[in-house]
Amino acid sequence: MEEVMVRKCVDGLVRASVNYYVGQLLLLAYNNKKRAAVFENPDEALNLVNADVKAIRGFYESLAKETYPSLKRVILEEFEILKTIFGILWMAKQLIEEEDEDLMENAEQHASFFPRLFQSLDNDLELTKLTLGDLYSLIGGWDAERAIYEIWEQHGEEPLRALEQDGPPASGDGMLNLNKYLKQILVVDRKRPVKKGGFWSKPKHEEREEKEEQPQEVMPPPTSTPSAVQSSVF
């Protein structure tokens, strides 16, 4: 009985570790108040994410090899979301290298990651959209965020609504449920203004306090961003 409980705890730790890492990435975007990308060098950023994920996965794979063979299946399932997120970050890097006229030509490639992220977030349409915006803004700033929202409007929302009707998959609670965990640490019950980009809206009382302290600056629409090179996949 004790062995079964320990194994279940280790299974839960795998999911909690993955969810925590996803949350920390999104917090970087949430706390970024600048128009520029969080990561100045997209190539280095992808290499860092790749190395992080390899290190986390390697730790649990060593446990699976030495003590808990059944953990291999859990690792495969739980790390799938990190593969999806790495793919999205890589596509964000491709986006900032594209010419404006190529954006919609390659839209389907960007949209191919939408269903996977959507399912990982318990079929939550709004959270999927905001998460995409955050991930693209990490690599390409507000320009990339606005670009992925344009692609979302044409290739994302309607197809995903059809999946949404099937109902969300069963999940755990707290840190064992990525959807609920992200809603605990991020402000997801308010829409982020696309024209401002880059970060989610602040609570109303914080907006009022800022207005009393100083007038808010109206930012001009963002422009284009620089390019980067391809990174390895974990």
Side-chain angles (χ1 to χ4, degrees), residues 11-32 38 49 52-53 56-57 73-92 95 107-140 144-194 197-201 234:
D11 290 354
L13 280 174
V14 176
R15 178 178 286 191
S17 298
V18 168
N19 290 355
Y20 178 79
Y21 190 80
V22 174
Q24 292 307 300
L25 272 179
L26 295 178
L27 277 172
L28 287 175
Y30 174 77
N31 291 323
N32 181 34
V38 172
V49 172
D52 286 345
V53 174
I56 300 168
R57 183 166 186 157
R73 176 187 54 79
V74 178
I75 293 169
L76 282 174
E77 291 174 359
E78 299 302 337
F79 275 78
E80 195 61 34
I81 177 62
L82 289 179
K83 282 187 178 180
T84 299
I85 283 177
F86 185 88
I88 290 170
L89 293 174
W90 191 83
M91 288 304 298
L95 184 143
E108 289 186 7
Q109 288 182 311
H110 293 277
S112 66
F113 288 92
F114 294 176
R116 282 180 264 175
L117 183 63
F118 181 64
Q119 289 167 356
S120 296
L121 296 174
D122 284 355
N123 296 357
D124 189 318
L125 206 61
E126 186 65 18
L127 183 58
T128 302
K129 176 184 175 182
L130 294 174
T131 300
L132 279 167
D134 270 347
L135 292 172
Y136 272 73
S137 74
L138 284 174
I139 299 296
E145 182 182 12
R146 292 182 66 182
I148 197 59
Y149 283 158
E150 288 179 26
I151 294 172
W152 170 270
E153 287 174 7
Q154 295 192 24
H155 298 270
E157 193 156 350
E158 288 309 314
L160 293 184
R161 282 196 185 280
L163 293 176
E164 189 180 31
Q165 293 171 2
D166 296 335
S171 287
D173 292 316
M175 284 209 46
L176 299 184
N177 182 304
L178 183 58
N179 181 301
K180 293 177 182 176
Y181 174 59
L182 293 182
K183 287 181 176 179
Q184 287 172 3
I185 64 172
L186 300 170
V187 184
V188 295
D189 56 343
R190 287 173 292 280
K191 291 185 180 179
R192 176 169 42 182
V194 176
F199 52 92
W200 289 349
S201 305
F234 52 83

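- L125 has its side chain out of reach of K129: every pair of non-hydrogen atoms, C-beta onward, lies at least 4.5 Å apart.
- F113 carries R116 over the face of its six-membered ring, with the cationic atom under 6.0 Å from the centre and within 45° of the normal.
- For the pair F79 and I56, the minimum side-chain heavy-atom distance is below 4.5 Å.
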Would L95 and M91 count as a side chain to side chain contact (heavy atoms under 4.5 Å, CB included) here? Give the steps. CA-CA 6 Å; L95 184 143; M91 288 304 298; over 6 Å; no

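- Within the 4.5 Å cutoff, the side chain of L178 has no heavy atoms near those of the V18 side chain.
- What you find for Y136 and A144 is that their closest heavy atoms are O-CB, 3.4 Å.
- Closest of all the heavy-atom pairs between G133 and E145 is O-CG, 3.5 Å.
- In plain terms, the two heavy atoms of L27 and I185 that are nearest each other are CD2-O, 3.9 Å.
- Looking at Y20 and Y181, their side chains come closer than 4.5 Å, going by heavy atoms from C-beta outward.
- In this structure, OG1 in T128 is found 10.0 Å from CZ in F114, a value given to the nearest 0.5 Å.
- Between F86 and V49, the shortest heavy-atom distance links the atoms CD1-CG1, 4.0 Å.
- In this structure, Y30 and L26 have side chains that are not in contact, with every pair of non-hydrogen atoms separated by 4.5 Å or more.
- Here CD1 of I151 is found 10.0 Å from CG of L132. Values are rounded to the nearest 0.5 Å.
- Remark: E80 engages no residue in a salt bridge (Lys or Arg N to Asp or Glu O under 4.0 Å) (not counting sequence neighbours).
- Taking 4.5 Å as the limit, every side-chain heavy atom of W152 sits out of range of all side-chain heavy atoms of H110.
- In terms of modelled atom types and a separation under 3.5 Å, the side chain of N179 and the main chain of D122 share no donor-acceptor contact.
- Atom OG1 of T131 and atom CG of L182 lie 6.0 Å apart (nearest 0.5 Å).
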Report the C-alpha separation of E77 and R73 in whole Å, then their side-chain angles, then the decisive distance to 0.1 Å, and conclude whether the salt bridge (Lys or Arg N to Asp or Glu O under 4.0 Å) test is met. CA-CA 6 Å; E77 291 174 359; R73 176 187 54 79; 3.4 Å; yes

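- You'll find the side chain of L138 reaches within 4.5 Å of the side chain of L135, heavy atoms only.
- The structure places CD of Q184 at 10.5 Å from CG of N19, a figure rounded to the nearest 0.5 Å.
- The CD atom of E108 sits 11.0 Å away from atom CD of Q154, with the distance rounded to the nearest 0.5 Å.
- Of all non-hydrogen atoms in I139 and A92, the two that sit nearest each other are CB-CB, 3.8 Å.
- Atoms CG and CG, on D52 and L25 in that order, are 8.0 Å from each other to the nearest 0.5 Å.
- No donor-acceptor pair closer than 3.5 Å links the side chain of N32 to the backbone N or O of L28.
- Checked for salt-bridge contact, K183 and D124 meet the test: a charged N lies under 4.0 Å from a carboxylate O.
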